[in-house]
Amino acid sequence: QQRLSQNYIYIPGMPVTTSYGLVGGTLNWSLDLWGRQKKMVDAAKEGVQAAHADLAFTRLWLSATVVQSYIEYDLAYQLAQLAQAEHAAREQLVEIATQRMAVGLADQSQVNQRRVELEESAMTQAIALQAVKIAQHQLAALTNQGPSAGEALQKPSISANRSKLPDVIPADLLARRADLQALLAQIRASKLRVDSAKLAYLPDINLQGLIGLQAFDISRLFNSNSRQYNVGPALNLPIFDGGAIAAQISGREVERNQVIYTYQNALVNALKESADGILRVKTAQSNFTLANQLEERAAEVFDAAKQKRAAGIYADEQLQYAQLQYLQAKKQWIDARRQDLADGVNLVMVLGGPPDAKPAQ
C-alpha cells in the first residue's frame, strides 16, 4: 500500500493511496562462450575425486592400524603365556632351593636370590597381562566398540603367508597411493581454476529474462492484462577490472604452485618410505629366519634336557634352567615374528594397498 505523488507519474482518476503488487521470477542463462564456467565445473569434479581418494587413504590407514593392533595383541597374548610358564619355572626353582637348604646343600642367600627372581617374574607376568588388556581395548576402540567387546576377544590367530620380496619393485606402484591420487586431482583442479581466472579478461555475454505479474491495485494482480515479461542480452566488458582479475589469477597460481610443491614432497617421501619399507621387510625376514633357527635349537636342547631328566641324568634344577633358556629364545622368536608381520603391513600401506587393490577413483 502506498501513497502516490500527484506531481509525479500520476494518471487522473487513480486514487492517491493505492495498493501495488509484483510477482515475478528472473532467469539468467550464461552462454559460457569461452568455457570459463565449464572449467570451474570440471575443477569441482576434480575436487570430488580428491575427496574420494582421501577417503580411500583413510580407510587404508584405518585397516592397517587395525591389523597392526591385532599383531600387537597376538604378541602380548603369547608373551603373557610365556610369562606364566616362566613364573611356574621360577616357583619350581624356589622350591628346589628351599629343599636343598633343608639338607644343607644351599644357604639362605641362594634361596633369597631365587625368591627375588620369582618376584621379578611375577611382575613380568602382571605387566604382560596388562599389555593384553590394553591391546584388547585398543582393538575395541578402533572398531568403535566398548572395552567389554575387546575383553571378549578370542585367542588371536594370525595366518600369514610369508613370501620373499622380488629383487625389483616397480616405482609406478606408488601411483596407486590414494594420497598421491588426491594431490594429483587437486593439481588438476587448481590448473583449471587458473585457466578459468584468465578467461575473465574476455567479455561475457549472458541472457537475462523476467516473467511475472505487475499491477496497481493488488486486486488486479492476477488478471491476464497484468502479465509482463522481457528477455535480452547482458554484456559484461571487464574494462576496469583488470587489476582485480590479475590479482585473482595470481592467487590461483599461488594455490596451484602450493599444491604442486606438496605433491612433489609427498612423492619424494613416498619413494623414501617405500625404499625404507622394503629394507625393513628384508631385514625383518632375515632376523625372523635366524630367530626361528635359534628357537628350534633351544627347543631341541629343552627336549634333550627332558629326556636326560627322565633318565635320571639331569636334576630338576637343570631342567628348569633349560626351560628358561627355551622361553627366552621363544620370546625372541615372537618379537622377530611380530616385527616381520608389522613391517610387511607397513610396506603394503606404503605401496598403496594389497597387490590386487585398484587405484583410488
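Numbering starts at 1 and runs along the sequence shown. Atoms considered below: every heavy atom in the structure, side chains included; atoms not considered: hydrogens, waters and symmetry mates.
- Taking all atoms of both residues into account, the shortest heavy-atom contact from Ala43 to Leu192 is N-CD1, 3.5 Å.
- Contact of the Glu95 side chain with the Glu91 side chain is not registered, since no non-hydrogen atoms from C-beta on lie closer than 4.5 Å.
- Residues Ala106 and Ala97 come closest through the heavy atom pair CB-O, 4.2 Å.
- Closest non-hydrogen pair, Ala342 versus Ile71, comes out as N-CD1, 3.9 Å.
- In the displayed structure, Tyr229 atom OH is contacted under 6.0 Å by at most 12 heavy atoms of other residues, nucleotides or ligands.
- Residues Leu267 and Leu180 meet the side-chain proximity criterion, which asks for heavy atoms closer than 4.5 Å.
- Look at Lys306 and Asp303 and you find a salt bridge, because one of the NZ, NE, NH1 or NH2 atoms lies within 4.0 Å of a carboxylate O, short of that distance.
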In a table with atom names and distances, give each donor-acceptor pair under 3.5 Å that connects a side chain of residues 343-353 to protein atoms at least two apart or in another chain.
{"unit_1": "Asp343", "atom_1": "OD1", "unit_2": "Gln339", "atom_2": "NE2", "d": "3.0"}
{"unit_1": "Asp343", "atom_1": "OD2", "unit_2": "Gln339", "atom_2": "NE2", "d": "3.2"}

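- No side-chain donor from either of Glu253 and Asn257 sits under 3.5 Å from a side-chain acceptor of the other.
- A 6.0 Å sphere centred on CG of Asn28 holds more than 12 heavy atoms belonging to other residues, nucleotides or ligands.
- Of all non-hydrogen atoms in Ser274 and Leu271, the two that sit nearest each other are OG-O, 2.7 Å.
- Within the 4.5 Å cutoff, no side-chain heavy atoms of Val66 are placed close to those of Tyr70.
- A heavy-atom distance below 4.5 Å is not found between the side chains of Thr143 and Leu139.
- Salt bridge annotation for Asp276-Lys272: present, with a cationic side-chain nitrogen under 4.0 angstrom from a carboxylate oxygen.
- Using the six-membered ring where Trp is involved, Trp333 and Phe288 have ring planes that are tilted, between 30° and 60° apart.
- Under 4.0 Å is where a charged nitrogen must lie from a carboxylate oxygen, and between Arg280 and Glu273 no such pair does.
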### Worked check of side chain to side chain contact (heavy atoms under 4.5 Å, CB included) between Gln208 and Val231
CA-CA 6 Å; Gln208 292 184 345; Val231 62; over 6 Å; no
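- Nearest heavy atoms, Asn287 versus Ala336: O-CB, 4.2 Å.
- Met40 places none of its side-chain heavy atoms less than 4.5 Å from the side chain of Lys45.
- For the residue pair Asn206 and Ser30, a side-chain donor N or O sits within less than 3.5 Å of a side-chain acceptor on the partner.
- Leu55 CG: more than 12 foreign heavy atoms inside a 6.0 Å radius.
- Exactly one of Tyr326, Tyr321, Tyr314 qualifies for a ring-ring contact (aromatic ring centres under 6.0 Å, His included) with Phe302. That residue is Tyr326.
- Counting heavy atoms from C-beta on, the side chains of Ile96 and Arg114 never come closer than 4.5 Å.
- If you check the side chains of His137 and Glu151, you find a donor sitting under 3.5 Å from an acceptor.
- Scanning for salt bridge (charged side-chain N to carboxylate O under 4.0 Å, His left out) contacts around Lys330 gives Glu295, with sequence neighbours left out.
- We find that Asp42 and Lys38 are joined by a salt bridge, their nearest charged nitrogen and carboxylate oxygen being less than 4.0 Å apart.
- In the hydrophobic cluster analysis, where Ile, Leu, Val, Met, Phe, Trp and Tyr join through side-chain heavy atoms closer than 4.5 angstrom, Leu235 is grouped together with Leu207.
- Scanning all heavy atoms of the two residues, the minimum distance from Ala89 to Leu324 falls at CB-CD2, 3.8 Å.
- Using a 4.5 Å cut-off on side-chain heavy atoms (C-beta onward), Gln228 and Leu210 make contact.
- For the pair Arg338 and Asp74, the salt-bridge criterion is not met [side-chain N within less than 4.0 Å of a carboxylate O].
- With respect to the salt-bridge test (charged N to carboxylate O, under 4.0 angstrom), the residues Glu255 and Arg193 do not qualify.
- A heavy-atom distance below 4.5 Å is found between the side chains of Thr17 and Gln1.
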